[in-house]
Amino acid sequence: MKFKKRTHTCGELSELQIGESVVLNGWVDNRRDLGGVIFIDMRDRYGITQIVFEPTFNLQAHEDGKDLRSEYVISIEGTVRKRPEGTENVLLSTGFIDVMVEKITLLNHAVTPPFQIKDDLDVNEDLRLKYRYLDLRRSKMQKNMVMRHKVCQIARKYFDENSFLEVETPVLMKSTPEGARDFLVPSRLHKHKFYALPQSPQQYKQLLMVSGLDRYFQIVKCFRDEDLRADRQPEFTQIDVEMSFVDTEGVFEIVEGLVKQFYKEIKNYDLQLPLKRLPFKDAMEKYGSDKPNLKFDLEMVTLNDVFAASEFRVFKEAVENKGIITSLLAKGCGEYTRNQLDGLTDFVKKMGAGGLIWMRVKEDGLEAPIAKFLTDEEKQNIIDRTNAKPGDLVFILSGPKLKTLTIMGNLRLEMAKRMDIIPKNDIPALLWVTDFPLFEWDEETKRFYAMHHPFTSPDVDDIQYMESDPGRVKARAYDLVLDGNEIAGGSIRIHNSELQKLMFKALGISSEEAEEKFGQILNAFKFGAPPHGGIAFGLDRLVMLFAGESSIRDVMAFPKTSSGTSLMDDCPSFVDDHQLKDLHIKLR
RNA sequence: GGGGCUGUAGUUCAGUUGGUUAGAACGCCUGCCUGUCACGCAGGAGGCCGCGAGUUCGAGUCUCGUCGGCCCCGCCA
């Protein structure tokens, strides 16, 4: 089919081109046939231009224009004309001109789409996902794709300017059962053996440091076979970074520079550096989260000392079991009904809390179901420590430390929503969470796991406790948190094979097992590994937050459903028997 | 693995206590209309009420199961 190359896109014509002959290619967006004259909004990625079919201007074009329908693909030749006085559309950048059509070429028909290609139309997400290629025609989705592209380009430019090399790492690699579940790929050439898709290029980027590449980055797909969430997909993209001869400060400096650049170019916002830092312990105790949302002012207060000698059984147990008693002050919520309080009790119980203690603050003190178990001094201390005023509500939770703090942290977020104290402005609440524990105790398997990953360096002062008291060892690990979302995480790594062996030992991994699973990295470290560290951004999450979306699906071109399927191409799917035979796989 | 929400024209939804022929808006089709831009006006087509059992004289509505979607907890080094 013959058609002319476009002279302009649908987003760029203005009064500057009045009188010019132009060619536009694009889609029929909206059609307004007034009988004597037909207006069509012609759409492409760049915008919308109104084209006009008028019989007095061109009789044949007007005849042809009658047959056009939504989403037809067309090429038109015409003349740019200033719109008549009073018919300008100020909502469109091209709204001061029309293109009077002289010739129209129909490039393709289109059946009526399953949903209208409009931004303000509510469509169920499953339908959008099934027809993702149509969903992506909507300008909102195109804006998101453009923003994602911009974030990548800003990162590439920034890293390039700072001497980072973009290096590709393998997608087929060895399975490392520490951490998330791997996606496995069966090997045809090697019977009964499997590749794994990377959860992150962690080991490769460390090996690149051993190679002396000094500064590496990669915008890279990662895969984790875990249950999904609004901000979690089985395959996702990281901006992966690693640097040699740096400590925590060196990583922070580079990352903060990048984040500043993001805000400058995407939000036109001047981010003040350095960013706030908060040790993990404080984050947990004040906000009940390792990714605290500091957009609003609401802090938890630990009350263990207040109840150190309490006779109230619940508190007494918490103190004796080295648990925690934490409180949250809900200002002005003293009038909450019993029904509301029961709802909040259910809320915390669902997360595993034994119950929720609440106290209404009155002029003459505390009113609460548990008041009779507390001394006057304890009551007064609660008021003083939480800074409660009459009309307020105090929540108290007690139990095992991390679990209880986490539940209170969720209650904090819930109360912030109910109290409507989360500002809707664009000012980012960015901070570093630092000093994570190196190890995390797992009740189920009764052993320590690496909280970050097994290559994370311990705090130098804590190495002495790695065997005797692993729980108190702090890691040189850090997360970057934006408005309550973890957008990046990293650490200074171990670069010494002896320390790495000690780490594996502390994790209960035998030297044989370590050799088998991580032999390459232990071996590499013997050959002069430089001190190094790095970080990885969750690109999807970052773009989601920049775009103001609440799901990363809306910033991914072809995402999966929350059960990990693709409604568009219907995967995962069954495969032919001969494929399985090639792979030496028998299904049960 | 657990909890919650959800499924009715192409789309978004309404549908009363279980009761006649399941409605609205948008979209689609036809006709009229020369300055619309959510064009307007007139007319029309369009339904396996996700699927399967059950209760009932009678089920979109009640019960059970099942499939899909969304959100959360666990999980996510």
Side-chain angles (χ1 to χ4, degrees), chain A residues 29-42 48-57 62 69-71 81 83-92 94-95 98 100 111-131 176-182 199-200 202-203 222-234 236 346-353 403 406-407 410 413-414 436 438-440 442-444 448-456 475 477 486 489-491 503 507 518 536 538 550-551 553 560-563 565 567 570:
Chain A
D29 189 71
N30 197 4
R31 183 177 71 106
R32 294 175 292 280
D33 185 348
L34 273 62
V37 61
I38 301 168
F39 298 98
I40 282 180
D41 292 335
M42 195 166 163
I48 282 176
T49 298
Q50 176 167 277
I51 60 175
V52 185
F53 300 78
E54 220 175 45
T56 55
F57 189 81
H62 181 256
R69 292 295 182 270
S70 284
E71 302 309 313
R81 200 169 78 170
R83 288 199 190 187
E85 191 77 29
T87 65
E88 301 90 352
N89 185 344
V90 293
L91 301 175
L92 281 181
T94 58
D98 298 314
M100 304 302 293
V111 297
T112 305
F115 52 86
Q116 290 172 264
I117 313 300
K118 283 167 85 176
D119 272 354
D120 52 2
L121 197 75
D122 240 353
V123 188
N124 277 336
E125 199 173 358
D126 45 353
L127 197 71
R128 290 175 53 206
L129 288 174
K130 182 169 180 190
Y131 298 95
T176 48
E178 290 277 311
R181 277 187 205 91
D182 282 329
Q199 297 175 26
S200 91
Q202 182 61 35
Q203 292 186 54
C222 301
F223 306 84
R224 290 175 194 175
D225 188 8
E226 296 293 344
D227 287 1
L228 308 183
R229 290 283 190 283
D231 63 351
R232 253 160 45 190
Q233 283 269 307
F236 59 99
D346 281 347
F347 178 81
V348 297
K349 275 187 172 172
K350 275 179 189 158
M351 287 179 287
K403 182 180 170 186
T406 302
I407 294 169
N410 281 325
L413 294 177
E414 177 67 19
F436 281 85
L438 189 62
F439 301 103
E440 200 172 19
D442 182 60
E443 262 309 315
E444 237 171 85
F448 280 103
Y449 281 88
M451 191 160 180
H452 194 50
H453 55 60
F455 314 110
T456 304
E486 180 195 333
S491 64
M503 179 72 179
L507 288 169
F518 307 105
S550 51
S551 159
R553 291 187 298 273
K560 306 273 190 288
T561 66
S562 67
S563 64
T565 64
L567 296 177
D570 193 31

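Proteins come first, then strands; the chains are lettered A, B, ... in the order of their sequence lines, and each starts at number 1.
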Do A:Arg224 and A:Ser200 come close enough that some side-chain heavy atom pair is under 4.5 Å? yes
What's the CG-P distance between A:Leu34 and B:G31, to the nearest Å? 16 Å
Examine B:U36: is either OP1 or OP2 under 4.0 Å from a nitrogen or oxygen in the side chain of A:Asn30? Give yes or no. no
Starting at the 5' end of RNA chain B, which residue's closest nucleotide do you reach first, A:Glu226 or A:Leu92? A:Leu92
Is a salt bridge present between A:Arg83 and A:Asp98, judged by a nitrogen-to-oxygen distance below 4.0 Å? yes
Searching all strands shown, indicate the nucleotide that pairs with B:U56 (Watson-Crick or G-U wobble; both distances under 3.5 Å). none
Now, which nucleotide makes the Watson-Crick or G-U wobble pair with B:G7, with each of the two distances under 3.5 Å? B:C67
Within the structure shown, what part of the strands sits under 4.0 Å from A:Arg128 by heavy-atom distance: base, sugar-phosphate, or nothing? nothing
With a cut-off of less than 4.0 Å, is there a side-chain N or O of A:Ser563 near OP1 or OP2 of B:G69? yes
From the set B:G35, B:C37, B:C72, return the single nucleotide nearest to any side-chain atom of A:Arg32. B:C37
By nearest atom, which of the nucleotides B:G74, B:U36, B:C71 is closest to the A:Ser562 side chain? B:C71
Candidate pair A:Glu226 and A:Arg181, rule salt bridge (charged side-chain N to carboxylate O under 4.0 Å, His left out), full reasoning: CA-CA 6 Å; A:Glu226 296 293 344; A:Arg181 277 187 205 91; 2.9 Å; yes
Which whole number of Å gives the distance between the P atom of B:C5 and that of B:U63? 13 Å
From the set B:C70, B:C72, B:G69, return the single nucleotide nearest to any side-chain atom of A:Thr565. B:G69
Rounded at 0.5 Å granularity, tell me how far CG in A:Asp231 sits from CD in A:Glu486. 9.5 Å
B:G40 and B:C49, which share atom name P, separated by this distance in whole Å: 33 Å
Mind checking the P distance from B:G2 to B:G10? Whole angstroms is fine. 35 Å
Taking pairing as Watson-Crick or G-U wobble with both contacts under 3.5 Å, can you name the mate of B:U12, or confirm there isn't one? B:A24
Distance check needed: B:U36 C1' versus A:His62 NE2, whole Å only. 13 Å
Hey, is the main chain of A:Ile48 close enough, under 3.5 Å, to the side chain of A:Thr94 for a donor-acceptor pair? yes
Of all the nucleotides listed (B:C76, B:C73, B:G35), which has the minimum atom distance to the side chain of A:Glu54? B:G35
Rounded distance in Å between the P positions of B:C62 and B:G19: 11 Å
Is the closest side-chain donor-acceptor distance between A:Asn89 and A:Gln50 under 3.5 Å? no
Which value, in whole Å, describes the distance between the P atoms of nucleotides B:C28 and B:U12? 16 Å
Listed nucleotide nearest any side-chain atom of A:Asp227, set B:G35, B:G69, B:G74: B:G74
Given the C1' atoms of B:C37 and B:C73, what is the spacing between them in whole Å? 49 Å
According to a strict under-4.0 Å criterion, is A:Arg69 in side-chain N/O contact with OP1 or OP2 of B:C29? yes
Spacing of the C1' atoms in B:U34 and B:A24 (rounded, Å): 33 Å
Nearest whole angstrom, please: distance from the P of B:C73 to the CG of A:Asp346. 17 Å
To the side chain of A:Ser70, which of B:C28, B:C76, B:C73 is closest? B:C28
Nearest-nucleotide check on RNA chain B, A:Leu567 vs A:Met351; residue mapping nearer the 5' end is A:Leu567
Any chance you could measure A:Asn410, atom CG, to A:Met351, atom CE, to the nearest 0.5 Å? 4.5 Å
Base, sugar-phosphate, or nothing: which does A:Glu88 touch, judged by heavy atoms less than 4.0 Å apart? base
At 4.0 Å (heavy atoms only), tell me whether A:Tyr449 reaches a base, stays on the sugar-phosphate, or touches nothing. nothing
Regarding the side chain of A:Thr561, the nearest nucleotide among B:G69, B:G35, B:C76 is B:G69
One thing to verify: whether A:Arg553 and A:Glu125 come together as a salt bridge, which I'm taking to mean a side-chain N less than 4.0 angstrom from a carboxylate O. yes
Starting at CZ of A:Phe57 and ending at C1' of B:G35, how long is that distance when rounded to a whole Å? 15 Å
Suppose you measure atom C1' in B:C71 against the same atom in B:U8; what distance do you get, rounded to whole Å? 23 Å
Side-chain ion pair, A:Arg32 and A:Asp41, N-O less than 4.0 Å: yes
Do any N or O atoms from the side chain of A:Gln199 and from the backbone of A:Cys222 form a donor-acceptor pair under 3.5 angstrom? no
Sequence-aligned protein contact record of nucleotides 7-13 of chain B, with B where the base is within under 4.0 Å of a protein heavy atom and S where only the sugar-phosphate is: ---SSS-
Of B:U36, B:G69, B:G27, the nucleotide closest to the side chain of A:Thr112 is B:G27
